[in-house]
Amino acid sequence: MKNKVILLLGCLACTVSLSAQPCLREDNIPEVLKAMTTQEKACLVVGFNNGCPGYDPGLPGTGGLTYPMPQYGIPSIVMMDGPTGVRLEPDWHDGKGAAHFTTSFPTGLLTAASWDRSVAARVGKGIGEEALDMGADVLLGPGMNLLRNPLNGRNFEYFSEDPVLSGRIAAAYINGLQSVGVGTSAKHFAANNQETNRLDGDSRLSARTLRELYTRGFEICLRESEPWTVMASYNKLNGVYTQESRELLTDILRGDFGYRGLVVTDWTGKRNTPKQLHAGSDLFMGGAKNQTEHILASLEDGTLSMSDLDLAVTRVLELIVKTPAFRGHVPSLKPDLEGHAVLVRETAAEGMVLLKNQDALPLRPCRAAVFGVHSYDLIPGGNGAAYVSCPYVVSLSDALKEEGFGVDADLERLYSGYTAFADADVAINHKVNVHVGKAQTPELEVTRALIDRKAEESDLAVITLGRTSGEARDRILDRDFLWNEKETGLVKNVCEAFHAAGKKVVVVLNICGPVETASWRDFPDAILCAWLPGEEAGHSIADVLTGRVNPSGRLPMTFPVDYFDMAGAEDFPYDFISDRANESAAHPERRGLPLKNLAYTDYTEGIFVGYRYALTEGKPVAYPFGFGLSYTSFGYSDASVRIKGDQVVASITVTNTGAVAGKEAVGLYISAPLGSFTEKPERELKDFAKTRLLLPGESETLSFRFPVRDLASFDGDRSRWETARGMYRVFFGAEAGSAPAECSLRISRTHIFPL
Ligand code: BGC
């Protein structure tokens with residue numbers, strides 16, 4: 001907290017005019033800029049690091065701080081991870097021995113699976129409140145890279161394979177978070193879709209693919225929100241580091257998308273700093289002394305202009321005047337853990353997706369045989385920058401007991417003993433090395449004899465299967481997407497034994513991203529995808545299983561039958577096992593070698609990612625984008641669409657035709673005429689909405705609105721958007737490919753939108 005003291009002294013000096021320098025205010029940024037020396041400017045744009053006198057690292061786990069300049073009343077501002085809650089160093093105890101925790105909120109995938117902006121806004125606001133309490137000025141989230149491939153290690157932090165769902169959910173999250181007066185960082189801009197060789201990998205893709213998919217989510221997000229910062233990614237884009245790309249950070253982000261905030265670099269000092277400044281990177285985090293030196297030398301030798309530096313300094317000052325630190329906010333260090341636990345329980349249940357239900361759910365209290373390590377040790381979130389050290393995680397077994405279920409005591413003893421052993425094995429025996437976070441506990445083998453006995457003694461079986469992942473490592477096909485024999489054997493044996501006894505089996509997926517389901521999904525009676533739902537995991541899952549909450553989540557990405565069914569599956573390091581967190585550091589000998597999927601990754605599938613490919617090619621999938629069941633049913637009527645000014649305006653009436661209350665998510669998809677293009681996806685999501693909780697028989701009319709420009713495709717050769725003339729089919733319904741309602745829209749002339 002030393003930096004807060006420096007700030008107070010600085011402000012005091014300013015207020016009582018002890019300082020000859022102007023004191024920073026919202027309305028005198030040019031004056032302060034003018035007064036600053038070149039050296040001061042070069043310090044301000046580089047993160048405050050260990051090499052600097054007076055460095056205060058902030059709370060353990062803090063991402064980084066900026067350089068304080070008390071002579072101008074400029075505080076050091078604090079940037080903290082991450083998108084699923086404030087990240088403190090795990091097991092951090094303060095000087096008095098008290099442990100500090102923050103809330104583990106639902107992860108990005110689950111938030112997007114709610115298809116509900118209000119859920120994203122509530123999650124964002126809760127995280128923002130904790131960020132404020134812990135002294136953050138900018139919270140380093142949301143993560144909003146697209147799910148190009150099921151195996152990206154950070155998929156759980158991100159939202160969707162679709163840029164519209166991703167961009168709109170991100171905007172709602174940002175608006176919620178920033179409503180408490182803390183900034184966000186929309187990250188990682190752009191085409192940062194794998195973790196293998198993450199510091200240097202080159203994402204190679206066409207202009208059309210970039211514009212229609214990988215920058216599109218950011219573009220939509222920036223239309224609906226104003227994140228204080230955007231984080232430029234680590235990777236290269238077509239041979240140029242994104243942080244050094246003026247085309248990306250200035251022409252596209254600021255020029256085309258109208259972004260007015262600050263660009264912060266992802267945490268590396270390895271780039272060419274003057275080049276980054278010229279490109280439009282404003283703040284260099286974590287910050288290294290040699291970056292300041294490099295700036296000064298380049299000004300001296302003329303390779304960097306003062307105007308580039310001044311622009312960056314101005315943006316840093318514009319950010320600082322918005323922050324809690326500048327307002328003199330003193331963090332309480334006491335987040336509202338109880339209040340946020342309620343929020344987590346509720347919001348997490350909103351994004352759970354019911355994949356299968358053959359007369360098994362909702363459950364009534366009964367004698368339950370609860371199998372699977374993760375029923376007793378649920379995974380709340382993933383690892384790395386998004387890891388949250390939370391006070392507890394509610395297990396499914398405990399939550400079911402609270403609901404009045406008789407959880408089988410033998411199984412509980414067996415699994416609890418095993419998870420305690422596995423935790424100790426990791427903590428004391430250091431068996432597994434994960435990059436900040438908790439290793440996944442391997443599944444336990446349970447004998448068929450025990451399963452048979454439990455099938456006789458119980459009324460129902462529940463099995464939880466889990467997968468976690470994290471920053472700096474991608475998942476690999478064999479180990480992470482596919483299930484091992486212990487896991488599939490458990491499902492098969494439990495289903496055989498319980499079905500033979502005339503009893504039901506429910507599988508809960510506690511997962512960080514898509515997994516293989518096609519080979520085993522016929523066995524159980526119900527499957528609930530619970531994602532990584534945050535610390536109230538067991539409660540939220542039990543709420544859905546028992547019907548207290550009627551499931552209304554929808555998949556934000558496709559679950560393929562086979563990994564190789566997806567276009568571009570070979571163009572991802574799906575079989576590459578990284579042995580250290582950072583590929584470049586671990587394998588300097590590989591640096592510079594043009595290895596496919598390591599040095600570079602070709603996005604050969606182009607715009608045909610996820611459902612765009614499956615629908616266009618008629619490829620069967622295990623579960624389509626937008627899939628999700630409910631305990632009730634819905635009818636659609638009165639579909640309408642028209643053009644109003646430069647907007648497409650549409651509506652649909654949804655009626656609850658079933659017997660229990662429920663919510664329905666609706667997507668609006670468009671099938672567009674080809675125009676001057678040779679190929680377009682069969683359908684594309686353009687907007688989405690969700691009903692309130694509808695009682696049986698109740699209806700709600702949902703409205704949709706988006707610019708006509710959103711109907712366009714990007715012509716890479718001519719660098720412009722084109723909305724073709726002709727008949728557009730408009731489909732209503734969340735699930736890509738299905739269409740409970742349809743209408744059409746005629747566009748009478750081709751619209752060209754130049755950049
Ligand atoms: C991650 C960012 C994170 C930053 C600060 C980087 O390694 O890619 O997402 O915000 O570290 O911790």
Side-chain angles (χ1 to χ4, degrees), residues 46-50 57-66 77-90 92 102 107-108 127 131 134-146 152-159 170 173-174 177 182-201 203 218 227-236 241-243 262-271 281 283-288 381-389 434-437 469-474 512 578 580-586:
V46 176
F48 193 31
N49 62 76
N50 279 310
L59 298 182
T62 295
L65 297 97
T66 61
I77 65 166
V78 177
M79 298 193 162
M80 292 176 99
D81 284 303
T84 62
V86 175
R87 188 173 85 80
L88 300 175
E89 204 57 41
W92 167 54
T102 49
T107 47
I127 295 174
M134 300 314 286
D137 295 291
V138 174
L139 188 285
L140 300 171
M144 50 179 301
N145 294 97
L146 282 201
N152 180 355
R154 296 185 83 169
N155 275 347
F156 71 93
E157 293 184 54
Y158 303 150
F159 295 125
Y173 173 106
I174 288 167
L177 201 152
V182 173
T184 54
S185 196
K187 68 187 187 184
H188 311 85
F189 191 67
N192 183 189
N193 306 102
Q194 69 184 52
E195 287 301 290
T196 307
N197 193 24
R198 70 198 198 118
L199 298 187
D200 296 298
S203 303
F218 287 92
W228 291 4
T229 79
V230 165
M231 188 186 292
S233 55
Y234 281 134
N235 55 290
K236 292 180 197 149
Y241 284 113
T242 59
Q243 300 175 5
L262 170 138
V263 172
V264 57
T265 65
D266 200 349
W267 264 233
T268 178
K270 283 188 349 140
R271 309 283 179 255
S281 296
L283 179 61
F284 302 91
M285 299 300 286
N383 294 325
Y387 181 76
V388 178
S389 183
V434 280
H435 174 62
V436 192
S469 65
E471 183 185 356
R473 265 184 207 191
D474 287 312
C512 56
S578 61
R580 286 252 321 258
N582 184 326
E583 290 302 333
S584 308

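Index from 1, following the sequence. Numbering of ligands and ligand atoms starts at 1, following listing order.
Of all the heavy atoms of Lys187, the ones lying under 4.0 Å from any atom of ligand 1 belong exclusively to the side chain. Only the side chain of Arg154 comes within 4.0 Å of ligand 1, judged by heavy-atom distances.
When the options Leu139, Thr62, Asp81 are ranked by their closest heavy atom to atom 10 (O) of ligand 1, first place goes to Asp81. Of all the listed residues (Asn192, Asp266, Thr265, Leu140), Asp266 holds the heavy atom that lies closest to atom 4 (C) of ligand 1.
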Q: Apply side chain to side chain contact (heavy atoms under 4.5 Å, CB included) to Arg198 and Asn235, showing your working.
A: CA-CA 6 Å; Arg198 70 198 198 118; Asn235 55 290; over 6 Å; no

Q: Assess whether side chain to side chain contact (heavy atoms under 4.5 Å, CB included) is satisfied between Val263 and Phe189, documenting all intermediate values.
A: CA-CA 9 Å; Val263 172; Phe189 191 67; over 6 Å; no

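Put simply, the side chain of Arg271 does not reach to within 4.5 Å of the side chain of Thr265, judged on heavy atoms.
Heavy-atom distances between Met285 and ligand 1 stay at or above 4.0 Å for every pair. Taking a 4.0 Å cut-off on heavy atoms, Met231 registers as neighbouring ligand 1. Heavy atoms of His188 come nearer than 4.0 angstrom to ligand 1 in at least one pair.
Ser469 places a side-chain N or O within donor-acceptor distance of the main-chain N or O of Gly153, the cut-off being under 3.5 Å. Judged purely by atom type and a 3.5 angstrom limit, Glu195 uses its side chain to pair as donor or acceptor with the backbone of Ala472. Within the 3.5 Å criterion, the main-chain N or O of Asp266 finds no donor-acceptor partner in the side chain of Lys187.
Close N/O approach between Tyr234 and ligand 1 is found [any backbone or side-chain N/O within under 3.5 Å].
Residue-ligand proximity, Arg198 to ligand 1, at heavy-atom distances under 4.0 Å covers atoms 7 (O), 8 (O).
A donor-acceptor contact under 3.5 angstrom links the side chains of Ser233 and Thr242, judged on distance only.
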